[in-house]
> 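I have a structure I would like to understand better, so I am pasting it below and will then ask my questions one at a time.
Excluded from the calculations below are hydrogen atoms, water molecules and symmetry mates; all remaining heavy atoms, backbone and side chain alike, are included. All of these numbers come straight from a predicted model, not from anything done at the bench. Chain naming here is simple, since letters A, B, ... match the order of the sequence lines and numbering starts at 1 in each.
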2 protein chains.
Amino acid sequence: MKLIQIYQCLCDETRLRILHLLLRGPLCVCHIQKILGESQVNISRHLSYLKERGMVEAERHQNWMIYRLPAKCSPELEANLKCLQDCCTTEAVFRGDLAKLQKVVSIREVREVLEQVCCGAPVLGKAKSLCR
Amino acid sequence: MKLIQIYQCLCDETRLRILHLLLRGPLCVCHIQKILGESQVNISRHLSYLKERGMVEAERHQNWMIYRLPAKCSPELEANLKCLQDCCTTEAVFRGDLAKLQKVVSIREVREVLEQVCCGAPVLGKAKSLCR
DNA sequence: GACGAATATACGTCTATACGTATATTGACG
DNA sequence: CGTCAATATACGTATAGACGTATATTCGTC
């Protein structure tokens, strides 16, 4: 992956906020949507953009698409994600997103699903809807 | 300076190459132009873009405009420039630019002017043209 | 003051992309 | 199979920005 493509992914605020969230762990589309307060199409399109360029990976679990940062990042991507992590602490938008993220992850069903995803285990929970 | 603006500056290849060169020290427009092999207008416009957003500073010395990275960078900018520095070593374009930069800086008149600029000293050289 | 070198700006065109609305797809479940 | 939830895609519009051509500006020199 070329360096310029990394920056092209980072140069939009919505994508920046998405990646910032994914630094904390995998998330499903509907939660990203809720946290950012953007429309479903918009989030989905930006995620597609990121996926096409190898900035994120997606995996379907039942009805939900779980997005995450790639398991294996190039050194360039790794360096930039680390840099992003450091830089995001100062701006209010990102802190706000993190606060909302905590709320979402504190929901038991959500946490269960995401934990299973993280471990690569099949999702066994029987929650019908993750989105409230 | 907002983080997103930094990335917007970095997301164009020409600007990325310019900033990469400026990491090595101040340069005048005509040399950036020669090194990148781009038209004068194009380089000038990208430099304006960068200057408007505080990514570079410019100072006139006689006929030449010397561009450089800001004396005082925000922590975010600093972090990203450092990251850029690290990431640029792998791609051929940047290595090629560096090679051409060595040639330019090896010209005595150029080196003299740039050194005086670096020290904040008035430019005393009497070279008529820095561009060959 | 005319001229040349270095640089910047104006203006027009073209392309990428951001986003809204509508519609399609995919999976679970009764 | 119909329906719903979650997600993706198609299509149209608007805007940022990349770039070329022409022209202006700024400075030094004769």
> Any ion pair linking B/Lys2 and B/Glu76 (charged N to carboxylate O, less than 4.0 Å)?
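B/Lys2 and B/Glu76: not salt-bridged.
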> As an exercise, state the distance from CG of B/Leu10 to CD1 of A/Ile6, rounded to the nearest 0.5 Å.
11.0 Å
> Is the charged tip of B/Arg45 near the ring of B/Tyr49: under 6.0 Å from the six-membered ring centre and within 45° of its axis?
no
> In sequence, state the C-alpha distance, the side-chain angles, and the governing distance for A/Met1 and A/Arg53, and then conclude on side chain to side chain contact (heavy atoms under 4.5 Å, CB included).
CA-CA 8 Å; A/Met1 184 180 195; A/Arg53 287 155 183 81; 4.2 Å; yes
> Nearest 0.5 angstrom please: B/Gln8 CD to B/Arg15 CZ, how far?
9.0 Å
> Using whole Å, what does the distance between atom P of nucleotide C/dA5 and atom CD of B/Gln40 come to?
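From B/Gln40 CD to C/dA5 P: 13 Å.
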> Produce the list of close N/O pairs, under 3.5 Å, pairing protein atoms with atoms of nucleotides 15-18 of chain C; give distances to one decimal.
{"unit_1": "C/dA18", "atom_1": "OP1", "unit_2": "A/Arg15", "atom_2": "NH2", "d": "3.2"}
{"unit_1": "C/dA18", "atom_1": "OP2", "unit_2": "A/Arg15", "atom_2": "NH1", "d": "2.7"}

> Rounded off to whole Å, could you give me the CZ-to-P distance for the B/Arg60 and D/dT25 pair?
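It is 13 Å, rounded to the nearest whole Å.
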> Tell me the interatomic distance from A/Glu52, atom CD, to D/dA8, atom P, rounded to whole angstroms.
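Nearest whole value for this atom pair: 12 Å.
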> Is there any ring pair (Phe, Tyr, Trp, His ring centres under 6.0 Å) pair reaching into residues 65-85 of chain A, and which pairs are they, with sequence neighbours excluded?
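Matches after skipping sequence neighbours: none remain.
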> Can you measure A/Asn63 atom CG to D/dA8 atom P for me and round it to whole angstrom units?
11 Å
> Angle between the end axes of the helix from C/dG1-D/dC30 to C/dG30-D/dC1, five pairs per end, to the nearest 10 degrees?
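One end's axis against the other's: 10°.
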> Among D/dC19, C/dG20, D/dT21, which nucleotide sits nearest the side chain of B/Thr14?
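Taking heavy atoms from C-beta onward, the closest nucleotide is D/dC19.
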> Output the rounded distance in Å from CD1 (A/Ile4) to P (D/dG17).
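The answer, rounded to whole Å, is 14 Å.
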> Of all the choices, C/dA8, C/dT26, D/dT7, which nucleotide is nearest to the side chain of B/Tyr67 once you look at every atom?
C/dA8
> Within this structure, what is the NZ-CG distance for the pair A/Lys82 and A/Asn80, rounded to the nearest 0.5 Å?
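Reported value, rounded in 0.5 Å steps: 11.5 Å.
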> Just to verify, which of B/Asp12, B/Val56, B/Leu69 counts as forming a side chain to side chain contact (heavy atoms under 4.5 Å, CB included) with B/Leu50?
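Among B/Asp12, B/Val56, B/Leu69, the one meeting side chain to side chain contact (heavy atoms under 4.5 Å, CB included) with B/Leu50 is B/Val56.
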> So, OP1 or OP2 of D/dG20: does either fall under 4.0 Å of a side-chain N or O from B/Ser39?
yes
